[in-house]
Amino acid sequence: MTPILQTEKLSHVYSAGTPFEHRALVDVDLCAYPGEYLGIIGHTGSGKSTLIQHLNGLLKPTSGRVLVEGKDIWASKEATRQARFRVGLVFQYPEYQLFEETVYKDISFGPKNMGLDEAEIDRRVRESAAFVGLPDSVLEQSPFELSGGQKRRVAIAGVIAMEPAVLILDEPTAGLDPVGVEQILSNIHDYHTAKNATIIVVSHSMEEMARTAHRLVVINDGRIPFDGAPREVFAHGEELESMGLGVPRMTRVFHRLKALGAGVDPSVYTVAQAKEAILAALKAKGTSSDEGGAV
Amino acid sequence: MALKDITLGQYFPGKTLLHRLDPRTKILLLVFYIVALFMAKNALGYGLLALTLVGAVLVSRVGFKAVLRGMKPVFFIVVFTAVLNLLYTPGQGEPLIAFWVIKIYWEGIRTAFFMVLRIMLLISCTFLLTYTTSPILLTDALEDLLGLLKKLRLPVHELAMMMSIALRFIPTLIEETDKIMSAQKARGADFETGNLLHRAQALIPLLVPLFISAFRRADELAVAMECRCYHGGEGRTRMRQLKYAGRDYIALLLGLALCVAVWCSNLLGVF
């Protein structure tokens, strides 16, 4: 399968030539495939925010290339502009970017910039509002009257309304209560399945990542040390912890159980998998103790 | 150029002699320097002042590049001043160039050159102060130096506090602007093309969120200050006391000496 989004030897240096010079990205090769749900994890200052701002042409690489659907996004001004519409980026705390008088107008900002006609804009605004579960009555309200969670959903709808093929979200659940977190995650999931869009989520919640992502990319000091299925990545528990990251609580519990001599598979990372693993272990134990009893 | 690269009032941490001088000394030296700059009338005076600045930059180790970068925003003013002086300075004798309505005299070239030099030195020395002094020390020093005005019932402490808060929030607001700008660009906003009206309209999605967040920050700061019982300068003590050292007296004497030297060089009338 050809990747929809790809970086080749991407490097970025901040404030080159001053005492504050900082190499944020070093020769990063990253691929995202159509329909994939990709997780990027890394601690604060690891370069993950710098990386995602390259993916839709907000930052220009110091060296290396970014390809969207096989085309270099810095080839021409128009290519950069198109890349911004093909790759939607939702920043951290996106609710602080709302500015319009009504929710409807704010969501339509993106589609309007794309130069779509009124009918198409209207369709997209209503559809994306529905994706994030905003009722029609909210559309005519001022975005500043809404609750924090609702504001964030308006902001996400504003990006979804551009119907990007790749949707990138930077810490979309930061600072929300558990109900808000679930809502946002299911909104993203709905968009993912309905449009078969590629989703890239940046987070440092291992639990959330373990539950949602198909593939995980770990970023540390501007490089990618691990890239693979969650099960493979979480197998590197110690290395992850030395990078200031962790593994999901379930994985840690099962590693300890294994160390204590329990016959469980330590590569689990969700509660559902944990249940399976414990049942399997009990079953195995049950048969062996039954045999013991028989002797 | 990213907004982050703006050097306005940026502090380059260091431990050089210029960094260690008392901030009050540095402000006074800046005043001396500016006075001397406006007294200078000939090449000798300007030469002395330029040499002093070069020496100070070398001592501070911030590098000439950083000082020159500070000049960028005023480039237009410098060029404008130079052109005006060049064209509108009347001179005696024949004009060097006479073309249509343009008449350039020898005096014009001289005034333009010195004017440009004066602006550049003025800006460089101010930048050198902010490059080598942290904003907090700077406002502490200002509050101390303006202490006399307190007797005239001027709210010096409040002014200094406002200034330090303003300085403190410049980088934060720049960062915020950068962030909101990126977020709106990600939604296809275009800040760079179009006519003046179009560009002014394009600023609305940037300014509205920026103002809202500035008010929110101000509110939060006020609450945080009240939580720590801030009630103005009355009876307030400091962790860091400013104290003049021997080097400060020497530096001030040298500053005075520079003023005198420039004044004397005027009398010599070289060039």
Side-chain angles (χ1 to χ4, degrees), chain A residues 12 14-20 22 49-50 52-53 55-60 77 80-101 105-116 143-144 151 155-162 164 167-170, chain B residues 1-7 10-16 19 60-70 131-132 171-194 198 201-217:
Chain A
H12 194 83
Y14 280 116
S15 309
T18 71
F20 306 102
H22 173 59
S49 294
T50 308
I52 56 171
Q53 287 186 58
L55 301 181
N56 73 341
L58 283 176
L59 286 177
K60 195 168 185 175
K77 256 199 163 147
T80 316
R81 198 170 155 70
Q82 283 311 317
R84 299 226 171 116
F85 299 133
R86 295 301 288 159
V87 182
L89 176 54
V90 180
F91 275 84
Q92 209 170 352
Y93 299 106
E95 55 273 31
Y96 295 139
Q97 76 196 32
L98 302 176
F99 68 97
E100 274 288 9
E101 289 159 63
K105 280 191 191 167
D106 208 286
I107 298 178
S108 67
F109 182 64
K112 246 185 210 154
N113 285 329
M114 294 172 82
L116 301 171
F144 302 106
K151 274 188 203 166
I156 293 177
V159 175
I160 286 180
M162 302 192 300
L167 180 64
I168 307 175
L169 301 105
D170 190 357
Chain B
M1 187 178 80
L3 282 170
K4 271 183 199 144
D5 294 332
I6 289 178
T7 46
Q10 191 176 37
Y11 171 55
F12 285 76
K15 284 206 163 70
T16 66
H19 284 84
S60 72
R61 295 211 193 122
V62 294
F64 288 99
K65 239 182 170 175
V67 176
L68 280 178
R69 215 175 28 225
Y131 280 158
T132 59
T172 313
L173 285 179
I174 287 179
E175 203 177 297
E176 189 100 14
T177 312
D178 222 17
K179 231 190 215 157
I180 297 170
M181 223 165 161
S182 299
Q184 308 299 25
K185 270 192 201 161
R187 293 161 82 191
D190 185 358
F191 296 106
E192 277 124 30
T193 54
H198 184 91
Q201 274 174 344
L203 284 180
I204 294 172
L206 176 63
L207 291 181
V208 173
L210 193 63
F211 270 96
I212 288 171
S213 92
F215 282 122
R216 188 172 43 87
R217 270 176 209 287

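A, B, ... follow the sequence lines: proteins, then strands. Residue 1 opens every chain.
Listed here is the closest heavy atom pair of A/Gln97 and B/Gln184: O-NE2, 2.9 Å. The two residues B/Val208 and A/Phe99 come nearest to each other via the heavy atoms CG1-O, 3.6 Å. For the pair B/Gly188 and A/Arg81, the tightest heavy-atom approach, listed with the atom from each and the gap, is O-NH1, 3.6 Å. Annotation for A/Leu98 and B/Pro209: closest pair O-CG, 3.7 Å, computed over non-hydrogen atoms.
Neither the backbone nor the side chain of B/Ser213 has a heavy atom closer than 4.5 Å to any heavy atom of chain A. Within the 4.5 angstrom heavy-atom criterion, only side-chain atoms of A/Met162, from C-beta onward, approach chain B.
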#### Entry: B/Arg187 and A/Asp106: CA distance, side-chain angles, deciding distance, salt bridge (Lys or Arg N to Asp or Glu O under 4.0 Å) verdict
CA-CA 11 Å; B/Arg187 293 161 82 191; A/Asp106 208 286; 2.8 Å; yes
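Per-residue heavy-atom pair counts under 4.5 Å with chain B were compared for A/Arg84, A/Met114, A/Glu100, and the maximum is reached by A/Arg84. With chain B as the partner, the residue from A/Ala83, A/Gly110, A/Ala155 showing the most heavy-atom pairs under 4.5 Å is A/Gly110.
Around NZ of B/Lys179, the count of heavy atoms belonging to other residues, nucleotides or ligands within 6.0 Å does not exceed 12. Shown here is A/Phe144, whose CZ atom has more than 12 heavy atoms of other residues, nucleotides or ligands within 6.0 Å.
Contact residues of residues 87-96 of chain A toward chain B are A/Leu89, A/Phe91, A/Tyr96 (heavy-atom distance under 4.5 Å).
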